[in-house]
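Below is one structure, written out as structure tokens, with a few remarks after it.
All values below come from the heavy atoms of this structure, side chains included, with hydrogens, waters and symmetry mates left out. All residue numbers in this chain count up from 1 along the given sequence.
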Amino acid sequence: MKPHVIIATKGRPLETKVILEALGSQSLKPAEVIVVGTDETDVAEARFANCEFEVRFILNEPGASKQRNRGGDELAIGNAEASSSGSFI
């Protein structure tokens with residue numbers, strides 16, 4: 001089973017791109033990554049990350065919990081989930 005990852009971010013577009021590229025260098029690549037930002041600038045740079053997995057970009061109102069919950073709502077039922085804020089770099 002491949003993991004599904006949710007990244008809640010606000011104001012860290014370069015860091016989000018780095019996280020996506022780091023996920024791509026792991027031996028177990030995610031099935032998909034959902035990036036939940038608060039506006040288009042949050043996800044703009046991340047769109048250029050070189051990824052070998054599906055990445056979905058979603059806009060939502062600010063708030064880490066709200067963003068993670070929104071990302072979780074987008075997952076298919078029964079998928080394993082890992083979430084991160086952009087603060088772990």
Fill in: Flag, side chain of Arg56 to backbone of Val36, donor-acceptor distance under 3.5 Å
no
Item to complete: Give a yes or no on whether the backbone of Thr9 and the side-chain of Gln67 come within a donor-acceptor separation of less than 3.5 Å.
Response: yes
Response to the item:
Those residues at least two apart in sequence (or on a different chain) that pass salt bridge (charged side-chain N to carboxylate O under 4.0 Å, His left out) with Lys17 are Glu45
Worksheet item: For Asp39, which residues count as a side chain to side chain contact (heavy atoms under 4.5 Å, CB included) partner, sequence neighbours excluded?
Response: Thr41, Asp42
Response to the item:
In this structure, NE2 of His4 is separated from CD of Glu74 (nearest 0.5 Å) by 13.0 Å
Discussion item. Glu40: which residues meet the side chain to side chain donor-acceptor pair (under 3.5 Å) condition with it, sequence neighbours left out?
Written reply: Arg47
Response to the item:
With Val35 as partner, the option from Ile19, Thr16, Ile58, Leu59 fulfilling side chain to side chain contact (heavy atoms under 4.5 Å, CB included) is Thr16
Worksheet entry | Contacts of type salt bridge (charged side-chain N to carboxylate O under 4.0 Å, His left out), residue Glu21, not counting sequence neighbours | none
Practice prompt. Indicate yes or no: at least one non-hydrogen side-chain atom of Ile7 is less than 4.5 angstrom from one of Leu20.
Written response: yes
Worksheet item: Mind checking what makes salt bridge (charged side-chain N to carboxylate O under 4.0 Å, His left out) contact with Glu61, not counting sequence neighbours?
Response: Lys66
Table please: side-chain donor-acceptor pairs of residues 23-31 below 3.5 Å, with sequence neighbours left out.
residue, atom, partner, partner atom, Å
Ser25, OG, Ala22, O, 2.8
Gln26, NE2, Ala22, O, 3.3
Lys29, NZ, Gly24, O, 3.0
Lys29, NZ, Gln26, O, 3.0

Discussion item. Can you give me the closest heavy-atom contact between Ala64 and Ala8, atom names plus distance?
Written reply: O-CB, 4.2 Å
Practice prompt. Identify the residue among Val5, Asp73, Leu75 that makes a side chain to side chain contact (heavy atoms under 4.5 Å, CB included) with Ile34.
Written response: Leu75
